[in-house]
**Q** 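Here it is, the structure, as structure tokens.
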Amino acid sequence: MLIVKKFGGTSVANKERIFNVANRCIEDYKKGNDVIVVLSAMGKQTDVLLEMAADINPNASKRELDMLLTTGEQTSVALMSMALHSLGVPAISLNAFQVAMHTTSVSGNARLTRIDKDRVRHELEQRKIVVVTGFQGISRYDDYTTLGRGGSDTTAVALAAALHADACEIYTDVDGVFTADPRIVKDAKKLDEITYDEMLELASLGAGVLHNRSVEMAKKYGVQLVVRSSLNTSEGTIVKEEVKMEKMLVSGVASDKNVVRIALVGLEDQPGVAFKLFRHLANHNVNVDMILQSIGRSNTKDISFTVTEDMADVAVETVERHRSGSLKCQEVKVNRNVSKVSVVGAGMQTNPGVAARMFEALYDANVNIQQISTSEIRVTVLIDREDTDKAMNAVHKEFDF
Ligand code: ADP
Ligand code: ASP
Ligand code: MG
């Protein structure tokens, strides 16, 4: 069997944890399996590196940031390989160049495009445990790239897909996927199983337990995932196409504080305005999330949308640049004090009333809703950021997991 095991930052935060991971890998290896281990940077090392960069230059280029951040993962794979050697097991660490993990050239948010399989296969054939850097790739210009925060999960799934692994296990610091972030909602419950679609929604809406692109890729290539704790041997959560259980009305609640709302007030009410706005934003690689357009009145309309914090400045600059040209509007309002809270569940496709129950729970908790968006299997509201945890708990309680 070929097993891909991915361990996050807390799971390799110190010497003891590194040896704990090494031993878990050796257990599988000694049963005759081929083992690939994907690692994140130790502990909060990525944050530490980002702080160091900001201290030197608050406007550091994304290319240099990637160059810096990739050292985090490189440290952990080298140390892990040394730990395995010290336990008498053959192992080799490989970075994105050595594997070759090709990505697009978008620094800080690159997408994996192709993985060379020869080197990894060769090392596995030598009966080595192969320890691979998560989160990083190389661009067509031979520059390091990174896949976005939390991106090591995606590295693991991509390797599992490319090499047709028999199992892909994501080890983290909680026991699996819960009905809400267990650090925010104390009585959140662990799920035994969840579908790709529900997990994708939860991950995209702020449930940081899995990188959303890892779920997207797992679904695309049919890679079944197990999310479990690196600190105990409990069973974890299986992420797959269909689940055995009857579809749950709501499978989870998620929140995301990484949101900024931008509103263009008093736009001309003519065809093509939305097209021009979102085309300009797309040209600057700005990913737009919740979009709201008001009903036109006296020949004007308003459009508001949300973006992630790191994209807010680019988005505002883009809008301002076109204000005197193709995007005539009276005012541009920016609100950085917002967050999103969402409920997700495949069961809501056939059961009306989920949105009403969510809104009632928010009303009872005295939380004001600024904007709403929905899909077949989710309802999202935009609220004041300071209400986030209160809203999460109120909504979670309403659905009585
Ligand atoms: P790792 O470093 O292992 O990748 P992350 O910090 O990226 O770990 O992800 C694990 C964290 O995700 C947990 O500590 C938990 O606080 C958070 N989390 C958010 N939503 C959920 C959820 N629905 N279920 C489980 N954990 C969640
Ligand atoms: N080390 C990276 C981060 O902190 C990638 C990861 O942990 O998945 O975002
Ligand atoms: Mg993570």
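Counting starts at 1 for both ligands and their atoms, in listed order.
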**Q** What atoms of ligand 1 come within less than 4.0 Å of a heavy atom belonging to Val174?
**A**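 It comes down to these atoms of ligand 1: 13 (C), 14 (O), 25 (C), 26 (N).
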**Q** Check if Gly150 has a non-hydrogen atom at a distance under 4.0 Å from any atom of ligand 2.
**A**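 Yes.
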**Q** Taking N or O atoms only and a 3.5 Å limit, does Asp173 qualify as a polar contact for ligand 1?
**A**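 There is such a contact, yes.
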**Q** Give me the nearest non-hydrogen protein atom to atom 27 (C) of ligand 1 as residue plus atom name, then the distance to 0.1 Å.
**A**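 Going by distance alone, atom 27 (C) of ligand 1 is nearest to Val209 CB, 3.6 Å.
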**Q** Before signing off on this row, confirm whether Ser40 and ligand 1 have an N or O atom pair separated by under 3.5 Å.
**A**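 No; every N/O pair is 3.5 Å or more apart.
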**Q** For Asp66 and Gln136, test the side chains for any donor-to-acceptor distance below 3.5 angstrom and give the result as yes or no.
**A**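 Not at all, the side chains of Asp66 and Gln136 share no donor-acceptor pair under 3.5 Å.
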**Q** Taking non-hydrogen atoms only, is Ser11 closer than 4.0 angstrom to ligand 1 via side chain, backbone, both or neither?
**A**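 No part of Ser11 comes within reach of ligand 1.
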**Q** Tell me: protein heavy atom nearest atom 14 (O) of ligand 1, and distance?
**A**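 Residue, atom and distance for the closest contact: Arg183 NH2, 2.7 Å.
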**Q** Geometry only, no angles: is Thr172 polar-contacting ligand 1 at N/O separations under 3.5 Å?
**A**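 For ligand 1, there is an N or O atom that lies under 3.5 Å from one belonging to Thr172.
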**Q** Compute whether any side-chain donor of one residue and acceptor of the other, for Thr195 and Glu198, lie under 3.5 angstrom apart.
**A**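 Result is yes, a qualifying pair exists.
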**Q** Is ligand 1 less than 4.0 angstrom away from at least one heavy atom of Leu202?
**A**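 No.
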**Q** Could you tell me whether Lys190 and Asp192 have a side-chain N and a carboxylate O separated by less than 4.0 Å?
**A**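 Counted as a salt bridge, because a side-chain N and a carboxylate O are separated by less than 4.0 Å.
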**Q** Looking only at protein heavy atoms, which one is nearest to atom 7 (O) of ligand 1, and what is the separation?
**A**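 Checked against all protein heavy atoms, atom 7 (O) of ligand 1 sits closest to Gly208 O, 3.4 Å.
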**Q** For atom 23 (N) of ligand 1, which protein heavy atom lies nearest, and how many Å away is it?
**A**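 Heavy-atom neighbour on the protein nearest atom 23 (N) of ligand 1: Phe178 O, 3.0 Å.
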**Q** Run the side chain to side chain contact (heavy atoms under 4.5 Å, CB included) test on Val209 and Met199 for me, step by step, so that the C-alpha distance in whole Å, both residues' side-chain angles and the decisive distance to 0.1 Å come before the verdict.
**A** CA-CA 10 Å; Val209 62; Met199 191 63 237; 3.9 Å; yes
**Q** Is it true that the side chains of Ser214 and Asp153 contain a donor and an acceptor less than 3.5 Å apart?
**A**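 Looking only at side-chain atoms, Asp153 and Ser214 do not form any donor-acceptor pair under 3.5 Å.
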**Q** Go through ligand 2 atom by atom and flag the ones less than 4.0 Å from a non-hydrogen atom of Arg149.
**A**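 Near Arg149, the atoms of ligand 2 are 3 (C), 4 (O), 9 (O).
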**Q** Please confirm whether Gly151 approaches ligand 2 to less than 4.0 Å, judged on its heavy atoms.
**A**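 The answer is yes, since Gly151 has a heavy atom less than 4.0 Å from ligand 2.
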**Q** To the nearest 0.5 Å, what is the distance between CZ (Arg17) and OG (Ser230)?
**A**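 Here the rounded value is 6.5 Å.
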**Q** Under 3.5 Å, N or O to N or O, is Lys6 touching ligand 1 that way?
**A**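 Between Lys6 and ligand 1, an N or O pair is found under 3.5 Å apart.
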**Q** Among all protein heavy atoms, pick out the one at the shortest distance from atom 25 (C) of ligand 1; state its residue, atom name and that distance to 0.1 Å.
**A**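 Ranked first by proximity to atom 25 (C) of ligand 1 is Gly176 O, 3.3 Å.
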**Q** Where on Ser152 is there a heavy atom closer than 4.0 Å to ligand 2, on the side chain, on the backbone, on both, or on neither?
**A**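 Contact part for Ser152 vs ligand 2: both backbone and side chain.
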**Q** Go through the steps to decide whether Phe305 and Leu277 satisfy the test side chain to side chain contact (heavy atoms under 4.5 Å, CB included), and finish with yes or no.
**A** CA-CA 11 Å; Phe305 57 92; Leu277 168 61; 4.1 Å; yes
**Q** Is the closest N or O pair between Gly206 and ligand 1 shorter than 3.5 Å?
**A**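 In fact, backbone or side chain, Gly206 has no N or O that close.
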**Q** Do NZ/NE/NH1/NH2 and the carboxylate oxygens of Glu235 and Arg228 come within less than 4.0 Å?
**A**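 The answer is no: the pair does not qualify as a salt bridge.
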**Q** At a 4.0 Å cut-off, with the gap strictly under it, does some heavy atom of Glu73 reach an atom of ligand 2?
**A**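 Checking ligand 2 against Glu73, which is what was asked, there is a heavy-atom contact under 4.0 Å.
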**Q** List the closest protein heavy-atom neighbour of atom 21 (C) of ligand 1: residue, atom name, distance to the nearest 0.1 Å.
**A**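 For atom 21 (C) of ligand 1, the nearest protein heavy atom is Asp181 CA, 3.7 Å.
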**Q** Which residue and atom name correspond to the protein heavy atom nearest atom 7 (O) of ligand 2, and how close is it?
**A**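 Checking every protein heavy atom, the shortest distance to atom 7 (O) of ligand 2 gives Ser40 OG, 3.2 Å.
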**Q** Determine whether Asn285 and Asn109 satisfy the following criterion, side chain to side chain contact (heavy atoms under 4.5 Å, CB included), listing intermediate values before the conclusion.
**A** CA-CA 10 Å; Asn285 276 318; Asn109 196 23; over 6 Å; no
**Q** Taking the non-hydrogen atoms of Ala180, is any one of them nearer than 4.0 angstrom to ligand 1?
**A**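 Judged by the 4.0 Å heavy-atom criterion, Ala180 does count as contacting ligand 1.
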**Q** With distance as the sole criterion, is a donor-acceptor pair present between the side chains of Ser255 and Thr388 under 3.5 Å?
**A**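 Ser255 vs Thr388: no donor-acceptor pair found between side chains.
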**Q** Heavy atoms, side chains only, cut-off 4.5 Å: are Leu205 and Asp256 in contact?
**A**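 Leu205 does not reach Asp256 side chain to side chain.
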**Q** With a cut-off of 4.0 Å, which atoms of ligand 1 are near a heavy atom of Pro182?
**A**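 Near Pro182, the atoms of ligand 1 are 25 (C), 26 (N), 27 (C).
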**Q** Suppose we measure from atom 2 (O) of ligand 1 to each protein heavy atom; which comes out shortest, and what is that distance?
**A**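 Ranked first by proximity to atom 2 (O) of ligand 1 is Gly9 N, 3.2 Å.
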**Q** Ring of Phe178, cation from Arg183 - is the NZ or CZ under 6.0 Å from the centre and inside 45° of the axis?
**A**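 Not satisfied by the 6.0 Å and 45° rule.
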**Q** Which residue in the set Thr380, Asp289, Thr306 passes side chain to side chain donor-acceptor pair (under 3.5 Å) when paired with Lys340?
**A**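 Exactly one option meets the side chain to side chain donor-acceptor pair (under 3.5 Å) with Lys340, and it is Asp289.
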**Q** Given side chain to side chain contact (heavy atoms under 4.5 Å, CB included), test Ser326 with His280 step by step and report yes or no.
**A** CA-CA 10 Å; Ser326 54; His280 290 312; 3.0 Å; yes
**Q** Check ligand 1 against Val177 and write out every atom of the ligand that is under 4.0 Å from a heavy-atom position of the residue.
**A**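 Listed by number with element, the hits are 24 (N).
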